[in-house]
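This report concerns only the one structure given below.
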Amino acid sequence: MSALRFDGTTIRLEDIPIPHPAPGEALVRVALAGVCSTDIEITKGYMGFTGTLGHEFVGIVVECDSRRDIEGRRVVGEINAGCGLCKWCARGLGRHCPNRTVLGILGRDGAFAEYLTLPAANLHLVPDNVPDRSAVFVEPLAAALEILEQLPVKRGCEALLIGAGRLGQLIARALDREGCVIDVLSRSEEKINRMEGLPRRAWIGRPPPPASYSLVVEASGSPEGWTAAVNAVEPRGYIVLKSTFTDGFVFNPAPLVINEVTLIGSRCGPFPRALDVLSAGLNPQSLIDAEYPLSEGVIALEEACRPGVIKVLIYLDSDRAPSVHPISS
Ligand SMILES: [Zn+2]
Ligand SMILES: [Zn+2]
């Protein structure tokens, strides 16, 4: 089968054997995959990953010995596969298992391939009313919804979102559905416009007044976003941190201590809730900028790096005609 792989220096399409599912795992034929900022970071050395890239996908279960009932069904998959034996796995927190593998990120080949394997327990059936082009957003949408799992957000809560990129777009939509009033700080007016009128107020390249929000969500990926978050949060407020800041930055805890700010790290989230939100009518498809066949996967990753681009998809069905033409031709 074809797979888009990274060897530590180069991304290239390779022909590799179809993987064999381990006991308890399913073999999934990928239909559509999404390019995420994490994929791009990996190709710059993040996580030291080598192998098949990609972790956002929707596909069809081809084979699953432990759950014959899902064979032939359309699924999305949680990306962390825990060992099933440790105390974290016992608590249902396999995504924090120290021995986990992560699809296309850590020790497990990913979704930019014709087939992938994942534990059957990681798979979730996609409701019929959610098309592939929406279902492919489940993983990042779940990450956005994780904020609401970690922190009770009241209706009418005024939140500042820092960053209007791939994840920020979904966070804005998720918080809006919960009745939050969203303001956005971003350098890009173009990206804020992709939020379809959502932000009550847009701070474009200019930070809001200090201590003005009880909730600040930092999803800019840049250390400047962190500085802006610390300045914008009210005393006794909350900062939810989504960026992993691969470049590192200077951390000064003093303002957090003085202002008694609660800092919450936030990563992967609940797939069932994300599927419910999509099934209930959230449509993220306006975020799709381009779709490429896997054979043009290298170009797809380049496209995803272009300024202003939110979502690039890679499709695996060779007979599928893209509905969105690449921006560059
Ligand atoms: Zn992702
Ligand atoms: Zn474990």
Side-chain angles (χ1 to χ4, degrees), residues 4 6 11 22-25 30 32-44 46-47 49 51-59 76-113 116 118-122 124 133-147 163-171 173-174 217 219-221 241-246 265-271 274-275 278 284 287-289 297 300-301 303-305 309-314:
L4 189 69
F6 180 63
I11 310 161
E25 290 189 346
V30 180
L32 195 59
V35 179
C36 165
S37 303
T38 306
D39 303 317
I40 294 162
E41 291 301 322
I42 284 172
T43 63
K44 296 175 188 163
Y46 176 61
M47 298 295 290
F49 176 79
T52 304
L53 296 163
H55 56 273
E56 300 175 2
F57 75 95
V58 54
V76 288
E78 299 197 37
I79 66 177
N80 298 279
C83 69
L85 302 169
C86 71
K87 67 173 182 178
W88 299 102
C89 288
R91 285 164 56 186
L93 289 172
R95 61 186 191 246
H96 292 292
C97 169
N99 303 314
R100 69 186 179 273
T101 58
V102 187
L103 187 71
I105 296 175
L106 180 67
R108 178 180 285 270
D109 277 338
F112 298 159
L116 61 81
L118 269 179
N122 284 47
H124 299 269
R133 285 191 179 86
S134 289
V136 75
F137 285 91
V138 161
E139 195 273 335
L141 179 60
L145 291 164
E146 176 70 357
I147 296 166
R166 293 176 181 89
L167 186 54
Q169 293 285 338
L170 295 168
I171 291 170
R173 286 159 173 81
V217 179
S220 73
L241 197 55
K242 281 290 189 186
S243 300
T244 43
F245 300 123
T246 48
S266 182
R267 184 169 52 108
C268 300
F271 272 46
L275 285 164
L278 292 172
L287 298 175
I288 302 169
D289 291 299
L301 260 66
E303 188 71 33
C305 294
V309 169
I310 304 284
K311 203 67 184 176
V312 173
L313 300 182
I314 294 177

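The shown structure was predicted, so the numbers you read here are calculated from the model rather than taken from an experiment. Note that ligands are numbered from 1 as they come in the structure, with each ligand's atoms numbered from 1 the same way.
Of all the N, O or S atoms in Glu56, the one closest to the Zn ion (ligand 1) is OE2.
Put simply, the side chain of Asp39 reaches to within 4.5 Å of the side chain of His55, judged on heavy atoms.
With the Zn ion (ligand 1) at the apex, Cys36 SG and His55 NE2 define an angle of roughly 110° (rounded to 10 degrees). Cys83 contributes SG and Cys97 contributes SG; the angle these two atoms make at the Zn ion (ligand 2) is 100°, rounded to 10°.
Between the side chain of Arg166 and the backbone N or O of Ile310 there is at least one donor-acceptor pair closer than 3.5 Å.
When every heavy atom of Cys97 is checked against every heavy atom of Cys86, the shortest pair comes out as SG-SG, 3.8 Å.
Here Lys87 pairs with nothing under the salt bridge (charged side-chain N to carboxylate O under 4.0 Å, His left out) rule; sequence neighbours left out.
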